[in-house]
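Numbered from 1 within each chain, the chains take letters A, B, ... in sequence-line order.
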Amino acid sequence: MEIRLNVNGKAVAVDVPPNMPLLWVLRDELDQCGTKFGCGAAQCGACTVHQDGAPIRSCVTPISSVAGKKVTTIEGLSPTGSHPLQLAWQEFDVPQCGYCQAGQIMTAAALLAKNPNPSDADIDSALDGNLCRCGTYLRIRQAVHRAAELMRTQSSNPLRTTAGK
Amino acid sequence: MSVLVTRQSRRGFLGQMFSAGTLILGAGPLASSAAQSPQPWMPNVFVGIAPNGLVTIIAHRSEMGTGIRTALPMLLAEELEADWKRVKVEQALGNTKYGSQNTDGSCSIRDFVDVIKESGASARLMLERAAAAKWGVPAGEVEARNHEVVHTKSGKKAGFGELVALAAKQPVPKKEELKFKPASAYRYVGKDVPIIDQDDIVAGKGTFGMDARVPGMVYASIERSPVYGGVLKSFDDAAAKQVKGVEGTVVIEGFKPPHNFQALGGVAVIANSTWAAMQGRKKLKVEWDSGKNATFDSAAFKKSLQTTARAPQKVVRNVGNVDAAFSSAAKTIEAEYYVPMLSHAPMEPPVAVADFKDGKVTCWCPTQNPQAVQETVGAALGIKKEDVICHVTLLGGGFGRKSKPDYVAEAALISKKLGKPVKVVWSREDDIRFDFYHTVAAMYMKAGVDQQGKPTAWLQRSVFPSISSTFDASSEYGFDVELGMGLVDTPWAIPNQRAENGPAKNHVRIGWMRAVANIYHAFGVHSFIDELAASAGRDRVEYLLATIGADRKIDFEAEGTKFWNNGQPLDKFPFDTARLRRVIQLAAEKSGWANYKPTKGRALGIAAHRSFLTYVAAVVEVEVDDKGVVRIPRVDLAIDAGQIIHPDRVKAQFEGAAVFGTSIAMMGEITAADGRIQQSNFHNYPVARMNESPMITNVHIVPSNAAHSGVGEPGVPPIAPAITNAIFAATGKRIRELPIKKTKLV
């Protein structure tokens, strides 16, 4: 059965079982591998994407339930990889292994879209479903605050040197 | 060879230029090829310089989040005097020409700092000599500066690329001719250089093992015996084959003891997508002969370990006369501690792609040890290890789990049977149920103290199934590595000390997890010293320092103790109690220990531990609310890891260790009944979430000229005892068994 949806601004059609989770459609069918598999049970948040702007766990979202919907993944968050969250993540050198970070950023993006000035408690509450086994939580919290600031001031970003880049 | 059809990182991840093995013919320099061709000149196996000036540096250690894929190449660039912006980092294939690639044991910097500096300095000297020869000036008058060689007197300059052809003709310098940059001239070392994969990671473009794929690849999900050592009796795959996308099944033979890193064995369902393979697997009907481990029950096993720990066992350290000192002590104090099995649970479960063709196999996998992949896969397939080509992807966490390449052997075995490339994906349930577990440990401690509460005798017994059971099925006792992680190397100036180790059999696969045996030994040792301090009514920092005693280097040989010391000589890496004292004092100072006013439910705790040759003190503040919920407002870690290459990544490792240690302390526990692991996913094997982790972790680095020591692991051991010591100070409840969640605090 063909299922149509919009992924990162592009119309796509996939022919897969209707119960196949969006995660595996993205990864195995559409080659969008930024969204990660961590638990398959909505326990870790590594697979977080947006459905019409709201964060969802793609590992437990049947593809049939997003038919006709707009899905945004980490690849579609910013065409240039320069969403304020991505810039702030770089400013604070958040990633260690990096595996969970796409899910963290997507969850944080949904938070900032509705709460432009979150408190520590707001951030903890929004992100407590996103596990990071490396333990980068401190810097994630700092980076979310920084991204919120960047978005509020809409400043172009005066970030660090790009040595080695 | 298959071409990887995945995003190629612009950093050249999984690139083919050098690591495909066509240019590098051996460990020696290839000084002749570049002169005639546009190919890069490779002065040694770690670096190549192209005529266009692009410097490619080989990262031979695995990146699982420590930053090593940046730190060692950056160090080489530093000594080469290369411009980091004109450096490309390429991940090495598994190959012994690089030396060990086993990214484990917190030793990448320690073991390779000299080799990498020499590689950079040697190439720099050849470039300088080439320029001097070209200009007809004395070699001493030229110097490399930021990707070019300059002759100040004449104002002549030549870029590295221009000099490649001439440099390639230079003889390789002798080691004693090399000159290293003084620290004052460093432009990258000691600076906050972003990791090379950061742009890709935040854009979702990093290539992890989970993201590797090759054309024509199929997917496999494997049903394994729920009991360790169980043997396949029969299976029915008719229903599985009805699942859309399922192509068939493949049987993987069970392992032969010792299990080593062999595939566990099982029935693999092959499909055209990960999801279809997982769905098909659910429809399998499999019967196992579970064997002798079907009776394994972790609750009963716990009791047996505790019973063993209460009786005299094999002596592994003996100083003075503990028994006589107990007889004459004013008081003796006893306590027992227990730490359960734990699972690594890296965010990326084990995963591997393998493509067997024409007697050779190519693997793409997140592995900490590509040479172990070559050996394990070679043995499994009956081919030479040189015919196993191992590409190392980014690792979505490792923590020791990905040192054991059983999952790569599975992929290789299936690919050989099918004759096509296959990707084996472990579910989280597979990861939790079929781990090489961090072992359970039971400890018994006894101390004799004098009238003032000062310890005069210390007895420490530890009983745990050993990692060595992975390599020797008959193993029952701990080996040097485990004993040297907090059992035989307590830092106390106590005149009478004895350490003992009792026997225990393994009933599951036992492996090493971040900080290894230090986890349970540090919990026992640093809880017990805190108990003694409390019993003596003394300030715990003051008591800790007094028990460590006068500054000295502990002479294990003189006392007759066999001490592993991470495989390093004690003259280069002494057990220096002055360094331990300094980190304790620094952590106390930075945490405001002396003036801290504990309130009901809120207090500080301390623990300090040397591991991986690094000295770490942790002061943890806890807050226990009236429902018994524990929060950690603040952690202060003081560390002395010798010289530091990349301070920010060092800080990051210790920030992360505080979280990893929090998981161990608060919530981690693996149990078994009827030989089956009872946990399966993060709902019943929780790890610390953002709101459960320390709210602030300050990392205080002691400036040090000592030799580089470990960073990835040594932050973990002091966290759990510092937390439980703080809980005792806050509530009066002494926790002797982890995880803390099992104890009701109010």
Side-chain angles (χ1 to χ4, degrees), chain A residues 16-17 19-21 23-25 27-29 31-41 43-44 46 73-75 77-78 81 85-86 89-90 93-102 105 120 123-125 127-141 160 162-165, chain B residues 6-7 63-67 70 74 84-85 87 188 192-199 201-206 208 210-211 219 244-245 273-275 345-349 394-399 425 427-428 648 652 655-660 681-683 687-691 693-694 696-697:
Chain A
V16 297
N19 65 343
M20 185 188 277
L23 169 70
W24 297 113
V25 174
R27 295 183 54 83
D28 291 350
E29 307 292 328
D31 280 2
Q32 300 282 297
C33 286
T35 306
K36 301 303 185 202
F37 168 59
C39 71
Q43 291 289 318
C44 79
T73 71
I74 186 71
E75 291 94 338
L77 185 64
S78 151
L85 280 161
Q86 291 168 317
W89 245 245
Q90 290 171 324
D93 295 301
V94 172
Q96 288 187 28
C97 85
Y99 193 77
C100 74
Q101 298 298 346
I105 289 171
D120 282 348
I123 294 170
D124 283 15
S125 164
L127 283 156
D128 71 2
N130 286 75
L131 291 174
C132 173
R133 191 69 163 135
C134 297
T136 63
Y137 299 129
L138 270 184
R139 297 190 192 211
I140 289 174
R141 195 185 292 117
R160 327 208 328 220
T162 50
K165 305 244 166 186
Chain B
T6 184
R7 288 171 302 279
E63 184 57 85
M64 54 189 157
T66 64
T70 299
M74 185 186 90
W84 189 235
K85 290 195 192 78
V87 170
Y188 307 120
D192 180 10
V193 176
I195 57 168
I196 55 168
D197 299 298
Q198 191 148 272
D199 288 357
I201 287 170
V202 301
K205 291 178 183 162
F208 295 86
M210 194 61 77
D211 309 326
Y219 299 80
K244 191 174 181 223
S273 76
T274 314
W275 173 250
M347 290 311 300
E348 175 194 49
L394 289 178
L395 284 67
F399 313 114
V425 180
S427 66
R428 178 58 60 193
D648 181 68
E655 291 163 6
V659 177
F660 203 86
N681 207 317
F682 292 120
H683 66 288
V687 298
R689 295 178 180 275
M690 181 183 270
N691 58 342
S693 296
I696 298 170
T697 296

Seminar exercise, completed: Okay, A:Asn19 and chain B: the region with an atom under 4.5 Å from a heavy atom over there is both
Problem set entry | Any side-chain heavy-atom pair of A:Gln101 and B:Val202 under 4.5 Å | no
Seminar exercise, completed: So, the part of B:Val659 with a heavy atom under 4.5 Å from chain A: the answer is side chain
Exercise. What's the shortest heavy-atom distance between A:Gly38 and B:Pro349, and which atoms?
Worked result: O-CG, 4.2 Å
For this session: For the residue pair A:Arg27 and B:Asp211, establish whether any side-chain heavy-atom pair is separated by less than 4.5 Å.
Result: yes
Problem set entry | side chain to side chain donor-acceptor pair (under 3.5 Å) partners for B:Arg689, two or more places apart | none
Seminar exercise, completed: So, the part of A:Val25 with a heavy atom under 4.5 Å from chain B: the answer is neither
Problem set entry | Structural part of B:Met64 lying under 4.5 Å from a heavy atom of chain A | backbone
Problem set entry | For B:Met347 against A:Tyr99, the heavy-atom pair lying closest together | O-CE2, 3.3 Å
Seminar exercise, completed: Looking only at heavy atoms, the pair that brings B:Phe208 and A:Gly98 closest together is CZ-C, 3.6 Å
Problem set entry | chain A contacts, top residue of B:Thr66, B:Asn691, B:Ile696 (heavy-atom pairs, under 4.5 Å) | B:Asn691
Problem set entry | Heavy-atom side-chain contact between B:Met690 and A:Arg141 under 4.5 Å | yes
Problem set entry | B:Asn681 portion near chain A, given a 4.5 angstrom heavy-atom threshold | side chain
Seminar exercise, completed: On a heavy-atom basis, the closest approach of A:Leu138 and B:Glu655 is CD1-CG, 3.9 Å
Problem set entry | Pairs of heavy atoms under 4.5 Å with chain A: top-ranked of B:Gly67, B:Pro694, B:Gly398, B:Ala345 | B:Ala345
For this session: Specify the closest pair of heavy atoms between B:Ser427 and A:Phe37, including all atoms of both residues, with the distance to one decimal.
Result: CA-CZ, 3.9 Å
Problem set entry | Residue A:Leu131 versus chain B: region with a heavy atom under 4.5 Å | both
Exercise. Quick one: of A:Ile123, A:Asp28, A:Asp120, A:Asp124, who has the most non-hydrogen atom pairs under 4.5 Å with chain B?
Worked result: A:Asp28
For this session: Examine whether an atom of A:Arg139 lies under 4.5 Å from a heavy atom of chain B, and if so say whether it belongs to the side chain, the backbone or both; otherwise answer neither.
Result: side chain
Exercise. Between A:Cys97, A:Cys100, A:Gly135, which shows the greatest number of heavy-atom pairs under 4.5 Å with chain B?
Worked result: A:Cys97
Exercise. Relative to chain A, which segment of B:Thr697 carries a heavy atom at a distance below 4.5 Å: side chain, backbone, both, or neither?
Worked result: both
For this session: Measure the shortest side-chain to side-chain distance between A:Glu29 and B:Ser273 over non-hydrogen atoms and say whether it is less than 4.5 angstrom.
Result: yes
Problem set entry | side chain to side chain donor-acceptor pair (under 3.5 Å) partners of A:Arg133, counting only residues at least two apart | none
